[in-house]
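For reference, the structure discussed in these notes is given below.
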Amino acid sequence: MAAILISKSISSEEILIDSISGPQLGQSKRHEHDCLIGDSLEIAEIRKMIDRVAPENDSILIVGESGTGKELVARLIYRNSGRREKAFLSVNCETMPDPHLDLELFGQENEAHTGINGRNPGIIEQGDGGTVFLDEIADMPMTTQGKILRILQEQTFEPLGANRTIKTDVRIIAATNKSLVTAIKENRFRVDLFYRLKMASIYLPPLRERKSDIPLLANHFLKYYSGECGRRFDGIDPDAMGQLMAYPWPGNVRELENNVHTAVVMCKGKTLHPEHFPVLAEKPEKISIGPEEMEDGYAKLFDDTINPVFNKAASISGGHVYHHLMAAMEKALYSAALKYCGSNQVKASALLGVSRNTLRDRIKRFSLY
Ligand SMILES: Nc1ncnc2c1ncn2[C@@H]1O[C@H](COP(=O)(O)OP(=O)(O)OP(=O)(O)O)[C@@H](O)[C@H]1O
Ligand SMILES: [Mg+2]
């Protein structure tokens, strides 16, 4: 992406949303105090990303399973950007079939239609100076995708029925919980839009891969929902908290939030116990944590990045593409593991599942210090 500002990393308090402006949101009250809760390394990275990308005007793609916090992250980027005084407008592309989405986004100019002087300005026009959040972009029709690409490249569009071009200044943040690579393979998504969007992308890992966030999140939601119904709680008992941490949460943070909300309503005392969380007694629906699914998931992530690297290697490596790319991959992998473990070799070798001798050998071979 274009120039990235590296600034200090921020705490959840620092990216607190204190008020939402703009015409967007009936639900603005609910989002008044949104903040990114969690003390996992993953959440720390996401905070840094928000801090880096917020001041820029580039479009952003946010990817993650349902309920991982994509819309929350989009709002935080907006709240920490220079556009915070203008609108944040959200459109769900999945729920709006053709041609309603085009009408909603680009508006219409037609004497026969009501509105200001026969005009119904769309969200892109209303969002001038602000931010437009395109949720579930994988489901956007191809023709609309072309118009969004034009917005990203030229910041121009034509309302339906109009014979004039409007210039706008919107920042686009898009989100998806489906693979755009699959959508491209199935000819449902434009490659050029994909590359344009993913110049700056943020991946939100599922909650089961950052379990250390669960106690903080559960207590945060307990505080919020007990406050909402004017009650005081002492907390969540250790047994219940242990079970909440062990549960795989296929619906991610949203599912945890809903269950804490239900527990607050069910509990007549002051402490939440396991019986206040009926979901813990149920067999969770199957989620993709088997080794094959994990490999498949990682392969999908690589699919997103391998092409430019592969093309470059293919043009210069004279038939040794496999060797060169695997060596580069190995170096990057060891380097990432050492970084993740703060250069602690015992932890890094355990994490990678290789012996310390192998790790030492690679550190030397790849000059990793
Ligand atoms: N790290 C977090 N800290 C605090 N609240 C969170 C966090 N992550 C998610 N939430 C809360 O969980 C709920 C679901 O988050 P959000 O709507 O942003 O998810 P999503 O990824 O957009 O889901 P979907 O794909 O289903 O639209 C929201 O109430 C949000 O405020
Ligand atoms: Mg969402």
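Count residues from 1 along the sequence. One-based numbering, in listed order, for ligands and for the atoms of each.
- Among the atoms of Leu72, some N or O lies under 3.5 angstrom from an N or O of ligand 1.
- Side-chain N or O atoms of Lys178 include none that pairs as donor or acceptor with a backbone N or O of Ala183 at under 3.5 Å.
- Residue contact check: Cys35 has heavy atoms under 4.0 Å from atoms 3 (N), 4 (C) of ligand 1.
- Other residues, nucleotides and ligands contribute more than 12 heavy atoms inside 6.0 Å of the NZ atom of Lys167.
- In this structure, Phe221 and Tyr225 have tilted ring planes: the angle between them lies in the 30° to 60° band.
- Heavy-atom contacts of Asn177 reach the following atoms of ligand 1: 25 (O) (cutoff under 4.0 Å).
- In summary, the atoms of ligand 1 found under 4.0 Å from a heavy atom of Leu36, numbered by their order in the structure, are 1 (N), 3 (N).
- Between Phe88 and Tyr78, the ring planes are tilted. Angles from 30° to 60° get that label.
- Closest to atom 13 (C) of ligand 1 by heavy atom, among Glu255, Glu94, Glu257, His220, is Glu257.
- Polar contact check, Ile43 against ligand 1: no nitrogen or oxygen pair lies under 3.5 Å apart.
- At most 12 non-hydrogen atoms from other residues, nucleotides or ligands lie less than 6.0 angstrom from NE2 of His323.
- Taking each of Ser90, Gly67, Gly69, Ala175 in turn, the one with a heavy atom nearest to atom 23 (O) of ligand 1 proves to be Gly67.
- Those atoms of ligand 1 with a heavy atom of Glu71 less than 4.0 angstrom away are 18 (O), 22 (O).
- Nearest-heavy-atom check against atom 9 (C) of ligand 1 across Leu216, Val253, Leu217 picks out Val253.
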